[in-house]
Amino acid sequence: MQPINEIKLEFLSKSSNEAFARVVAAAFVSQIDPTLEELADVKTAVSEAVTNAVIHGYENSQGLIRMHCKLFCDAVEIIISDDGVGIEDIELARQPLYTSKPDMDRSGMGFTVMESFMDIVEVTSKPGEGTTVYMFKTFKSLIK
Amino acid sequence: MQPINEIKLEFLSKSSNEAFARVVAAAFVSQIDPTLEELADVKTAVSEAVTNAVIHGYENSQGLIRMHCKLFCDAVEIIISDDGVGIEDIELARQPLYTSKPDMDRSGMGFTVMESFMDIVEVTSKPGEGTTVYMFKTFKSLIK
Amino acid sequence: MIAGVVGELDHHSADYIRQKLDAELVKASNKNIIFDLSKMSFMDSSGIGIIMGRYKNIQKLGGKASLVGLSDQSRRIFEMSGLLKIVPAYETIDEALKNM
Amino acid sequence: MIAGVVGELDHHSADYIRQKLDAELVKASNKNIIFDLSKMSFMDSSGIGIIMGRYKNIQKLGGKASLVGLSDQSRRIFEMSGLLKIVPAYETIDEALKNM
Ligand SMILES: Nc1ncnc2c1ncn2[C@@H]1O[C@H](COP(=O)(O)OP(=O)(O)O)[C@@H](O)[C@H]1O
Ligand SMILES: Nc1ncnc2c1ncn2[C@@H]1O[C@H](COP(=O)(O)OP(=O)(O)O)[C@@H](O)[C@H]1O
């Protein structure tokens, strides 16, 4: 399957870039005209993955976050990665309500939200090297 | 002068990405809250440079366009580059009303518009290798 | 107290919203709170932590919390986390007030 | 003929807008055209080519062209190119009609 469009974005791990990354993903995806709800799903999933890179990956220190998006006629692939601390136990991290930062009002629902709003969520990580979140969503409204 | 934020974007030379690049630049720059008119200036300049990469740089064939933005407390630096055909005579190209594609309803005013809407516009190019447009704008509304 | 959240609620805005809410809660005589989310344009899972954190604080003082004006998105997020079981959601502020 | 441009006018949308305009011009009995840009949300230098191209076509047929509803941005762009000297801009459609 050939993507009809593709972008790569690199940005600093600043919390103000959480909203920025959402806007970029939404602007990119709206080229194929999904419903507003589908667009909100993508924005939410991107927000979760980027926020995780900012607060967990880089623990609020400065680093680079990458977002790689491929657009298909009725679907989008989004890969968000950081070179931060990484995740020791991915299975544990993905469990609903698990968070390593409960003190910070984190709910531990980030991965669960991504899974619920996207069709596929895959996490790869190496402690000390970084984390990559692969997400894929088909827009039901666009399937012919 | 340290930038307060920085992004790098890479995208395909498709005409639909002209609007996309404008939205990204505007979303990035609005973090420092310039006036709507200043924001429109930046969008217009980005539109010109990206359009040039699409139609002149890659002559509507597929290639990669890069946009590198640095945000300061009252200014923005934007570098847009392509690996396209390049420009033989930059001085001639920058002249108002000069266009190599008059048949395509091009006006030859792209560089002039960039110069008028940004404070600094610098063009470097090598025939066969590509073109880089460096732009800088201080937002008068934000100067303290 | 009725607390309206306007705009986007994410990790970036959470700090500001948390401070505002806590400052208002300290001043408020009544320790019940209704979160009016009808003007909230975006929320991710950071919203759960904000609501949950405020709920825990007022609960200690015998206060109750409820939600009003949920979008489909935010309802789904709150539902997933089980939050709606302890902080109920209502259609209108009137309804929320009646059930306080 | 009054031609309203709605939305963004850039290189990407120019093809579509050009085709639409040319199709309407072929049908029109009257070869004068007023471009109403009051609903145009963005324009870059691609707008110059579009207006200039249409102007040249109708001029051959003895038609006149004018512009209405310019934003500060589009006015600056047209001014730079010298276009306003041959395609005048007016405040209102009425005024443009009077000067046709
Ligand atoms: N990019 C990342 N880098 C390092 N650790 C991460 C990353 N993303 C998630 N984690 C770990 O996984 C846990 C669960 O993440 P998540 O479900 O999003 O909940 P929350 O962000 O609320 O903690 C986090 O608490 C953190 O320990
Ligand atoms: N990225 C680029 N790659 C190759 N040639 C370019 C590029 N940008 C501009 N040019 C050359 O410079 C000329 C003038 O550009 P410009 O002032 O933007 O006017 P226009 O785009 O209307 O032709 C173009 O016609 C083209 O020959």
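Here is the naming used below: chain letters follow the sequence lines, and residue numbers restart at 1 for every chain.
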Nearest 0.5 Å please: distance from the CD1 atom of Ile32(B) over to the OG atom of Ser16(A).
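One finds 11.5 Å between CD1 of Ile32(B) and OG of Ser16(A).
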Residue Leu92(B) excluded, over 12 heavy atoms near CG under 6.0 Å
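More than 12 within 6.0 Å, yes.
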Within 6.0 angstrom of Lys101(B) NZ, more than 12 heavy atoms from elsewhere
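Result for NZ/Lys101(B): enclosed.
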Nearest 0.5 angstrom please: Arg66(B) CZ to Glu10(A) CD, how far?
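CD of Glu10(A) is found 12.0 Å from CZ of Arg66(B).
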Take Val24(A) and Phe28(B) through the test side-chain contact (heavy atoms from CB on, under 4.5 Å) and record every step on the way to the result.
CA-CA 9 Å; Val24(A) 173; Phe28(B) 182 67; over 6 Å; no
Using non-hydrogen atoms and a 4.5 Å limit, figure out which bit of Gln31(A) sits close to chain B: side chain, backbone, both or neither.
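The side chain, not the backbone.
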For Leu36(B), does the CG atom sit with more than 12 other heavy atoms under 6.0 Å from it, leaving out its own atoms?
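Result for CG/Leu36(B): open.
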Shortest non-hydrogen contact from Ile7(A) toward Phe11(B):
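Heavy-atom minimum between the residues: CG2-CB, 3.5 Å.
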Answer whether the closest heavy-atom distance between the side chains of Lys14(B) and Asn5(A) falls below 4.5 Å.
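Contact flag for Lys14(B)/Asn5(A) side chains = yes.
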